[in-house]
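A, B, ... follow the sequence lines: proteins, then strands. Residue 1 opens every chain. Only heavy atoms go into these numbers, but all of them, side chains included; no hydrogens, no water, no symmetry mates.
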Number of protein chains: 2
Amino acid sequence: MSDRELIVKHLGLRGHRVTGSRRRVLDALLAAPAHFTVDDVLQRAPGVGRATVFRTMKLLQDMNVVCRVLMEDGSLHYRLSTTGHHHHLLCRHCGRIEDFVNCDVSALVTELSSNTEFEIEGHWLEVYGRCQSCRARSAGPADKRAIGSAADVG
Amino acid sequence: MSDRELIVKHLGLRGHRVTGSRRRVLDALLAAPAHFTVDDVLQRAPGVGRATVFRTMKLLQDMNVVCRVLMEDGSLHYRLSTTGHHHHLLCRHCGRIEDFVNCDVSALVTELSSNTEFEIEGHWLEVYGRCQSCRARSAGPADKRAIGSAADVG
DNA sequence: ACTCTAACTGATACTTAGTCTCATGTCAGA
DNA sequence: TCTGACATGAGACTAAGTATCAGTTAGAGT
């Protein structure tokens, strides 16, 4: 069974209807690049209303089909997701994204809990850098940065 | 020398003018709660234009006077900042924020680098939880959550 | 196969966060 | 005190997302 069919089936199981618009949004998502905005989806799913795309995206977020990606400038993009909780490793230079699940924030959380008396319930972590192929490429001539400064991200 | 005077002095040193509007924005910030939006500042600095507040906020971000805080819903708020790179620990229940600097993400970064061939250049981490006083309070009668679900934050 | 209705839809108006433009105002160096 | 580069406020604009509402439809029940 394809990803598409699986998701469609899941929709049904959760008591949601499988409508033409939802199928079209889904197709648009599955054909989209690593990360995209709602506007990208709108253009790839002509005829589907803006509000419906937003509604569908929210539904798919709840179903863990898509997740949000925090860009360095603070804007939010979307990305297809298969697992539940995970983090992203974004290449600043080509936009490539890798997921990582084995997030060892637990040690940090334990430490923070004892230092601060907070009970930690969740976290959001995005990591930015340069992927292998971009490193290889920039090892050559000039190193042109594709995307702006890191601002308050460190 | 007060915080305010220090920042004003710093403005001058960086070649920026010390104008009435900037002073009013600064006063508004210094009087604001743990985290706030540009709209909050606008209301506390009547007479200053929207665009000017946005411009000033950007300037103060560059100067590390304020930093952005990522709320769990994905919206961005602002907060007074004194140090450079740091992270936030937000209480979901009362909105309180603590900074932490001793972020042990370095171990994670080292691990990620070797696992993924990415060269890590930056990261963004926000941690959500419940502060001590909210824990104490909710240990009593009913536990009413002030803020919604954790969604894709884990 | 037919009916019925709650769920869904697209259009559109609205909200919120932020940027851009431009004529006017003003800080601070000479 | 003059002057020009820097800064300002007003308001139009963009982008992301929400709310409303009358019309449509999936799919459960017969």
Side-chain angles (χ1 to χ4, degrees), chain A residues 7-29 32 35-63 66-79 148 151-152, chain B residues 7-29 32 35-63 66-79 148 151-152:
Chain A
I7 297 165
V8 165
K9 187 176 177 184
H10 218 80
L11 260 180
L13 290 174
R14 286 182 51 134
H16 300 294
R17 290 193 183 161
V18 179
T19 67
S21 297
R22 285 182 178 163
R23 282 178 194 281
R24 269 176 287 162
V25 168
L26 204 48
D27 288 342
L29 292 182
H35 56 103
F36 47 85
T37 62
V38 168
D39 226 59
D40 295 332
V41 177
L42 262 170
Q43 297 192 353
R44 288 165 185 271
V48 180
R50 246 171 67 81
T52 300
V53 173
F54 275 105
R55 283 185 286 237
T56 306
M57 291 301 286
K58 189 162 279 177
L59 188 58
L60 293 175
Q61 268 179 71
D62 290 345
M63 291 171 60
V66 298
C67 57
R68 288 178 300 176
V69 181
L70 178 68
M71 310 306 284
E72 274 190 295
D73 65 358
S75 68
L76 284 172
H77 284 205
Y78 296 84
R79 166 172 168 80
D152 63 353
Chain B
I7 297 166
V8 165
K9 189 176 176 184
H10 217 79
L11 259 180
L13 289 175
R14 288 182 50 134
H16 299 293
R17 291 193 181 157
V18 179
T19 66
S21 298
R22 285 183 177 160
R23 284 179 193 280
R24 267 175 288 159
V25 168
L26 204 50
D27 288 342
L29 292 182
H35 58 102
F36 46 84
T37 62
V38 169
D39 226 60
D40 295 332
V41 177
L42 262 170
Q43 297 193 351
R44 288 165 185 271
V48 180
R50 246 170 65 80
T52 299
V53 173
F54 275 106
R55 282 186 286 240
T56 307
M57 291 302 284
K58 188 163 282 177
L59 189 58
L60 294 175
Q61 268 178 71
D62 290 345
M63 292 172 58
V66 298
C67 57
R68 288 178 301 176
V69 181
L70 178 69
M71 310 305 284
E72 274 188 294
D73 64 0
S75 67
L76 284 172
H77 284 206
Y78 296 84
R79 166 172 170 80
D152 61 355

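In this structure the side chain of A:T56 never reaches within 4.5 angstrom of the side chain of A:L29, judged on heavy atoms. Two residues are said to be in side-chain contact when any heavy atoms from C-beta on lie closer than 4.5 Å; A:F54 and A:V38 meet this criterion. By the 4.5 Å heavy-atom criterion applied to side chains, B:V18 and B:R23 are counted as neighbours.
In this structure, A:K58 does not reach the D:dG17 phosphate: none of its side-chain N or O atoms is under 4.0 Å from OP1 or OP2. Between B:R22 and the phosphate of D:dT8, there is a side-chain N or O to OP1/OP2 separation shorter than 4.0 Å. Dashed line: the shortest gap from a side-chain N or O of B:Y78 to OP1 or OP2 of C:dG18 is under 4.0 Å.
Under the side-chain contact (heavy atoms from CB on, under 4.5 Å) rule, A:R22 has a single partner from A:L11, A:T52, A:V8, A:V53, which is A:L11.
One axis for each end of the helix from C:dA1-D:dT30 to C:dA30-D:dT1, each built from five base pairs, and the angle between them comes to 30° at 10° resolution.
Heavy atoms of A:S21 sit under 4.0 angstrom from primed sugar atoms or phosphate atoms, though from no base atom. In this structure, A:G20 reaches neither bases nor backbone, as no heavy-atom distance under 4.0 Å exists between it and the strands shown.
Of the candidates D:dA26, C:dG18, D:dA7, the closest approach to any side-chain atom of A:T19 belongs to D:dA26. The side chain of B:F54 approaches C:dG18 more closely than any other nucleotide in the set C:dG18, D:dA16, C:dA7.
Taking CG of A:L76 as the reference point, atom CE of A:M71 lies at 9.5 Å (rounded to 0.5 Å). Rounding to the nearest 0.5 Å gives a distance of 16.0 Å between CZ of A:R44 and CZ of A:R24.
The distance from atom CZ of B:R14 to atom C1' of C:dA28 is 19 Å, rounded to the nearest whole Å. As a whole-Å value, the separation of B:D39 CG from C:dG18 P is 10 Å. Atom pair A:R55:CZ and D:dT20:C1' shows a separation of 10 Å (rounding to whole Å applied). Counting to the nearest Å, the C1' atom of D:dG27 and the NE2 atom of A:H16 are 15 Å from each other. Between the P atom of D:dA26 and the CZ atom of A:R24 lies a distance of 11 Å, rounded to the nearest Å. Here the C1' atom of nucleotide D:dT14 and the CG atom of A:D73 are 15 Å apart, to the nearest Å. Summarising the geometry, the separation between CZ on A:R17 and P on C:dT9 is reported as 10 Å, rounded to the nearest angstrom. The CG-P distance, from B:L42 to C:dT19, rounds to 14 Å in whole Å.
Ring-plane geometry between B:H35 and B:H77 is classed as tilted, the angle between the planes lying from 30 to 60 degrees on a 0 to 90 degree scale.
Checking A:D39 against A:T37 by side-chain atom types alone, no donor-acceptor pair falls below 3.5 Å.
Along DNA chain C, the nucleotide closest to A:L59 and the one closest to B:V38 are compared, and the more 5′ of them pairs with A:L59. Toward the 5' end of DNA chain D, the nearer of the two residues B:V48 and A:A51, judged by each one's closest nucleotide, is B:V48.
Within 3.5 Å, no donor on the side chain of B:R50 pairs with an acceptor on the base of D:dG11, nor the reverse.
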